[in-house]
Amino acid sequence: MTAPGTRAGAPAEDSDDLDVEEALALVREAKDDHAGQVPAPAPEAHGERHRATPWPQARVIAARAARSQGRRAPVSVPLGDALGLVLAAPLDALTDLPSFDTSAMDGWAVAGPGPWEVRDEGVLAGHAQPEPLTDGEAVRIATGARIPADTTAVLRSEHGRTDSQGRVHATREIVHGQDIRPRAQECRTGDQLLPVGTRVTPAVLGLAAAAGYDTVTAVPRPSAEVLVLGDELLTEGLPHDGLIRDALGPMLPPWLRALGAEVVAVRRIRDDAKALQKAVKGSTADLIVTTGGTAGGPVDHVHPTLERLGAELLVDGVKVRPGHPMLLARTKEAQHLVGLPGNPLAAVSGLLTLAEPLLRTLAAHPAPEPYTLPLSQAVQGHPYDTRLIPVVLRGDRAVPLRYNGPAMLRGIAAADALAVVPPGGVRQGEETELLDLPWAAAGIEVCFT
């Protein structure tokens, strides 16, 4: 499917034959495509230094920027900390599974034809190898217990009865090997259980533990530092005297964790250019995320700070609403900065447009398969920008939500996804690309730490 806003024949996101320079060339071509079609936006207060990048290409550039760093060194991670990571080495069996013949059911281990004399002591899981059986003999056995040598089969409890002399009789025919899990039934030592690139899920953790692993070799989580900018922000209480509550400080760290990052710090910085420059220059995180200060106002210090630090601007404004003044910069050889707008829903747009592809690529996660659903009602589009609209999923349709302005969180708080509305809008019933929110796509992800 061609993403909304993408020219026919343009590469899809993460296409292997597209590098950053080619993506930038596509951006320039796409800008030229709009020449003469719609009025150009008014120059921003900091000057007409750029024209915004189309939304699909911005996501390509973000993913490619991360890939340009090359492979990240694998790390050994305890199983309890590995959820959500990607395997950097194959998961090979360290032992046979099962490592000995075990009973698949509660019942009796029996030898030869019945009826069988029953031993006094049974066999439980976790105990040493029991004594061998002789023909005509049975022993009570629990699921998972080791099978005595010379056992013919396991007779399930519900398929046997005892007579007055204590002997056990089968109530239905049994066959040799019945309800016995033979050694190495699942795998033999050295078998590859899972390849490189497998996402560590709860089931993968269980398999690794069963196969004898205490740690796995994985691609490390990218680190992220959040810089919350602004003099007007309160951390508690009600808004008053021109001050407002900070919504991004509480929201961004768990959202970044849901995208697979390890948030190493959240710092609040006043509208002070020197303080911002010191914070960016001193950060060792893979990704710095700033809030606000990306436009051209009198205290919007992000652009001047990046210029002073010699950063390379990769994306300087995106043709998307909300979130137009977002940016992406390479601040060091292996470090990037995503500048989010200060309005809360615009910041969410920036997270999913720039931070998500970058973090996903750093963590070696595969790009999600795009999917579409028809919208239950028409949505008005911007003349030349993509719109991201919160929606809930109801059956086979996506229902747009109200309260989708740049400063509003009421819609996204109830949403399952964001609808990607191309320039010009979408008619009722028209198929529209959706971006899943992390916790809607896979509930475990919101708990990654």
Side-chain angles (χ1 to χ4, degrees), residues 41-47 224-258 263-283 285 287-309 316-318 320-327 329 337-355 382 387-390 401-415 418 437:
E44 299 184 42
H46 52 269
E225 181 170 357
V226 179
L227 305 180
V228 181
L229 313 181
D231 290 345
E232 75 281 13
L233 301 177
L234 295 168
T235 58
E236 59 184 12
L238 293 173
H240 62 86
D241 301 324
L243 302 177
I244 61 173
R245 278 296 298 270
D246 169 29
L248 298 182
M251 180 175 72
L252 292 183
W255 203 308
L256 288 166
R257 293 187 189 103
V263 179
V264 295
V266 179
R267 302 176 60 188
R268 299 180 183 278
I269 298 178
R270 298 183 65 84
D271 290 321
D272 184 302
K274 290 183 179 179
L276 176 59
Q277 181 172 335
K278 181 178 179 181
V280 173
K281 186 176 181 180
S283 176
L287 173 64
I288 303 169
V289 177
T290 62
T291 68
T294 56
V299 291
D300 288 342
H301 299 305
V302 175
H303 280 95
T305 296
L306 293 174
E307 291 172 8
R308 283 193 293 271
L309 292 174
D316 194 5
V318 176
V320 66
R321 305 289 170 152
H324 187 272
M326 67 181 74
L327 64 84
L337 181 146
V338 169
L340 302 178
N343 278 323
L345 189 58
V348 170
S349 175
L351 275 180
L352 296 181
T353 300
L354 298 176
H382 189 274
R387 289 188 70 197
L388 300 180
I389 302 294
L401 295 171
R402 298 174 58 197
Y403 307 109
N404 52 37
M408 298 180 179
L409 287 174
R410 186 171 172 181
I412 193 69
L418 288 173
L437 301 178

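All values below were derived from every heavy atom in this structure, side-chain atoms included, with hydrogens, water molecules and symmetry-related copies excluded. Keep in mind that what you see is a predicted model, and the values were worked out from it rather than measured.
- From D316, atom CG reaches atom OG1 of T294 across 9.0 Å, with rounding to the nearest 0.5 Å.
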Would you please test L437 and W255 for side-chain contact (heavy atoms from CB on, under 4.5 Å) and show each step?
CA-CA 9 Å; L437 301 178; W255 203 308; 4.0 Å; yes
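- With values rounded to the nearest 0.5 angstrom, K274 atom NZ is found 13.0 Å from K281 atom NZ.
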Evaluate the criterion side-chain contact (heavy atoms from CB on, under 4.5 Å) for residue pair Q277 and L309; output intermediate values, then yes/no.
CA-CA 8 Å; Q277 181 172 335; L309 292 174; 3.9 Å; yes
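- Partners of T291 according to the side chain to side chain donor-acceptor pair (under 3.5 Å) rule, which considers only residues two or more places apart in sequence or in another chain, do not exist here.
- Residues meeting the salt bridge (charged side-chain N to carboxylate O under 4.0 Å, His left out) test with R267, sequence neighbours left out: E225.
- R402 pairs by the side chain to side chain donor-acceptor pair (under 3.5 Å) definition with nothing, not counting sequence neighbours.
- Here the CG atom belonging to L252 is positioned 11.0 Å from the CZ atom belonging to R257, to the nearest 0.5 angstrom.
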Evaluate the side-chain contact (heavy atoms from CB on, under 4.5 Å) criterion for residues L256 and L351: first the C-alpha distance (whole Å), next the side-chain angles of each, then the deciding distance (0.1 Å), finally the verdict.
CA-CA 8 Å; L256 288 166; L351 275 180; 3.8 Å; yes
Review item, side-chain donor-acceptor pairs of residues 404-412, under 3.5 Å, at least two apart:
unit_1: N404; atom_1: ND2; unit_2: L401; atom_2: O; d: 3.2
unit_1: R410; atom_1: NH1; unit_2: Y403; atom_2: OH; d: 3.2

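- Closest non-hydrogen pair, P253 versus V263, comes out as O-CG2, 3.5 Å.
- A distance of 10.5 Å separates NZ of K278 from CG of D272, quoted to the nearest 0.5 Å.
- For the side-chain contact (heavy atoms from CB on, under 4.5 Å) with V302, the qualifying choice from V280, L227, L327 is L327, the only one to do so.
- Between the side chain of R245 and the backbone N or O of G237, at least one donor-acceptor pair lies under 3.5 Å.
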Could you go through the side-chain contact (heavy atoms from CB on, under 4.5 Å) check for L340 and L248 one step at a time?
CA-CA 10 Å; L340 302 178; L248 298 182; 5.8 Å; no
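- Residues L388 and S349 approach most closely at CD1-OG, 3.4 Å, considering heavy atoms.
- The distance from the CG atom of D246 to the CZ atom of R268 is 4.0 Å, given to the nearest 0.5 Å.
- Judged purely by atom type and a 3.5 angstrom limit, N343 has no side-chain atom pairing as donor or acceptor with the backbone of L345.
- Atom CD1 of I389 and atom CG of L418 lie 8.5 Å apart (nearest 0.5 Å).
- Side-chain contact between V320 and M326 is present, with heavy atoms from C-beta onward closer than 4.5 Å.
- For P341 against A347, the heavy-atom pair with the smallest separation is O-CB, 3.5 Å.
- Heavy atoms only, all atoms of each residue included: A355 and L287 are closest at CB-CD2, 4.4 Å.
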